[in-house]
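The chains referred to below are lettered A, B, ... by the order of the sequence lines, with proteins before strands, and numbering in each begins at 1. Just so it is clear, the structure is predicted and the values come from calculations on it, not from any experiment.
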Number of protein chains: 2
Amino acid sequence: MKTKKRITIYDIAEKLNITASSVSRALNNSNHVNEATKNLVLKTAAELNYKRNVLASNLRMGKTKTIGVVVPRINQNFFSNVIAGIEDATYQKGYNLIICQSNESRDKEIKCINTLMNQHVDCIVISVSVESDDHSHLKNVLDQGVQLIQFDRVADELETLKVINDNEQASMEAVTHLIEQGYKRIALLEGPQNLNIFRQRKTGYLKALKNFNLPVISELVIENAWTKELGAAATRKLLSLPEPPDAIFASTSDFSALGVLDVAHAMHIKVPSELGILGYANEPFTELTTPSITTIDQFSVNMGKTIANLYFEEMENKEVVVTPKVISIKPELIIRASTRKKR
Amino acid sequence: MKTKKRITIYDIAEKLNITASSVSRALNNSNHVNEATKNLVLKTAAELNYKRNVLASNLRMGKTKTIGVVVPRINQNFFSNVIAGIEDATYQKGYNLIICQSNESRDKEIKCINTLMNQHVDCIVISVSVESDDHSHLKNVLDQGVQLIQFDRVADELETLKVINDNEQASMEAVTHLIEQGYKRIALLEGPQNLNIFRQRKTGYLKALKNFNLPVISELVIENAWTKELGAAATRKLLSLPEPPDAIFASTSDFSALGVLDVAHAMHIKVPSELGILGYANEPFTELTTPSITTIDQFSVNMGKTIANLYFEEMENKEVVVTPKVISIKPELIIRASTRKKR
DNA sequence: TTTGGAATGGCAATCGATTGCATGAATTTA
DNA sequence: TAAATTCATGCAATCGATTGCCATTCCAAA
């Protein structure tokens, strides 16, 4: 390991017989240096292959051009897409990304936040874990003066920048679609209601029913069916009711919709003629199942880019105190075979 | 933004009427402090909610407890799984992860490496982009004394730590399986041959044919068919041959296998009876297609953990100059419907 | 000729934590 | 009792970059 000593501004200064101050000013394009020396410094810096020591710079400046991202799971399609979007946009501005996963655990989430704060990130982007009810750790971030942007799963009560989907609207459109296809007894698989996205989706479901004067049948609303397994279990229960549903809206995820489909297959129930299935998130696999699954696309990569750009905008007019900004992205219903009852 | 000033070791020192040196020693559990003062410092630090300024520490120490990861695409299942695995293992050791994506571009890859080097990461983990033939930018990393770990797609000629899959073996097993199922004219969709993983998979294919004394039919080997679209195009070409293949090994990815399947469906060719299909990577969707696709699992999350642990091992015995270590993970053939010709 | 101001650039402190060396006290050994 | 150790702590430099303040030079206006 022959670690040759890195070139510093002092090396440049020495070579040019000036002080480090001037070198620094030249490199930062300050107008407190002569144009000639500025060029000289730039030229020498290039020659010596000088690289600014960001560690020193960060310490001095108190900022790191780094954004911390906390998601429940990195390897979940929606989240990895959002991250890809963020990376794409931040990269262009010379920002770095530190990624943490909370594994849906409140404890780990808190630790992630602490780590990121210790790293002095300039901004934290988070989609909260399912366990996180109390958001004091997020409040801390704000108190420390660090920018906080929530996305997708957000804590409503915290006044932060937010980038969300219009879950209610999407859900309403989805259920409306089911009704228009002629489904009459529509079941809802709902997610943990402490997360607002799942509450909103439920609201959309209820509103759609109301719009068409359909009754809300409580036995058709299943709590906490947000994994493939839970979705399957819920479906078994639903389909063995005296009056089973003729459609199931897995408002939690495409994975639970997949559980529904599996059970339907196993019970030889025809989809979509006997049972309509609708998922959420437009996971890649939804167009590959037989039948393909109708679902809702959240424009996840785009969401990531929006988050990044929101941050940069805020940075630019940081003096102006804006009311907490919320950007809502309208998701799109992707109609596929699993709900095409009418031909 | 009421940024209360952070507590530093000087604040603790002042409060206890000692110097910052002693505080630092106490916090670092040095044995150059009295046990009593050490405890006192620890207690006061906790009371004042002291957090070490890692920026300052990093500058002084010249290391950052940060690992940089460069992958072609964050939101590709294999890579996001590997990242998840790395995160999981590094998190426990208090390390951070900076993630970059090269987007399969050599230019971007170089920029990523530079960024990470500027950030003084302790280690760079990379799976090279398809465009990267010349690896001088990686050599640079080594020259600067930064640990470099390659995985999956590796530059053979660079003497670094490597974590790879035994592609040749896996490929051979896959083709052997096809032969044993009774397929006789087995086509190969191969990837860009500048990447060693694709060369190895081809070698495996050739070896399997040889083992069974089957001829290599050059028109059944299609170059550069590594996306869904290219896989589909290749399939159309193959199936319109005077003597078409009875099986296609999409050695590049499950996506190209998906392209094969699509074309087979469109041409009303029965899978697996008339055409066997075999993919690579065990993407989640492969068990959801009709028929489900036989593929090769790479234990991606586990691969990530292996990478992280390899780094930590190396750290511990850094004095010992070990010959560049290569860890090869044996992938597993997942046999599904798309190749079950015999019943 | 004098004065005022702009343009340059140097000095030194600062951002916090770490650490080699020195000092002085306490303890042990001869 | 004197010399030799050990132990605890302080001092000051260091890691590089940044920046407020001051000093000098030079030119233009009065």
The side chain of [X] is closest to which nucleotide in this list: [options]?
X     : options                : result
A:S21 : C:dT19, C:dT8, D:dT19  : D:dT19
A:R25 : D:dG20, D:dA17, D:dG10 : D:dG20
B:R52 : D:dG16, D:dG10, C:dA17 : C:dA17
A:T19 : C:dC11, D:dC11, C:dT19 : C:dC11
B:S57 : C:dA17, D:dG10, C:dG9  : C:dA17
A:T8  : D:dG16, C:dG10, C:dA17 : D:dG16

Calculate, to the nearest 0.5 Å, the distance between atoms [atom1] and [atom2] belonging to [X] and [Y] respectively.
X      : Y      : atom1 : atom2 : result
B:E131 : B:D107 : CD    : CG    : 7.5 Å
A:I164 : A:I197 : CD1   : CD1   : 10.5 Å
B:I327 : B:T306 : CD1   : OG1   : 6.0 Å

Spacing of [X] atom [atom1] relative to [N] atom [atom2], expressed in whole Å:
X     : N      : atom1 : atom2 : value
A:L40 : C:dT8  : CG    : P     : 15 Å
A:N53 : C:dC15 : CG    : P     : 18 Å
B:M61 : D:dG16 : CE    : P     : 14 Å
A:R6  : D:dG16 : CZ    : P     : 8 Å
A:E35 : C:dA6  : CD    : P     : 19 Å
A:H32 : C:dA7  : NE2   : P     : 9 Å
B:N17 : D:dA8  : CG    : P     : 19 Å
B:N29 : C:dA17 : CG    : C1'   : 16 Å

> Any salt bridge between B:D134 and B:R106, counting N to O under 4.0 Å?
Replying inline: yes

> Going by an N to O cut-off under 4.0 Å, is there a salt bridge joining B:K93 and B:E313?
Replying inline: no

>> At less than 4.0 Å, is any side-chain N or O atom of B:Y50 found next to OP1 or OP2 of C:dA17? Yes or no.
In response: yes

>> Reading DNA chain D from 5' onward, which residue's closest nucleotide shows up sooner: B:N34 or B:L59?
In response: B:N34

Check every strand shown and say whether [X] touches a base, only sugar-phosphate, or nothing at a heavy-atom separation below 4.0 Å.
X     : result
B:N58 : nothing
B:T37 : sugar-phosphate
B:L55 : nothing
A:N31 : nothing

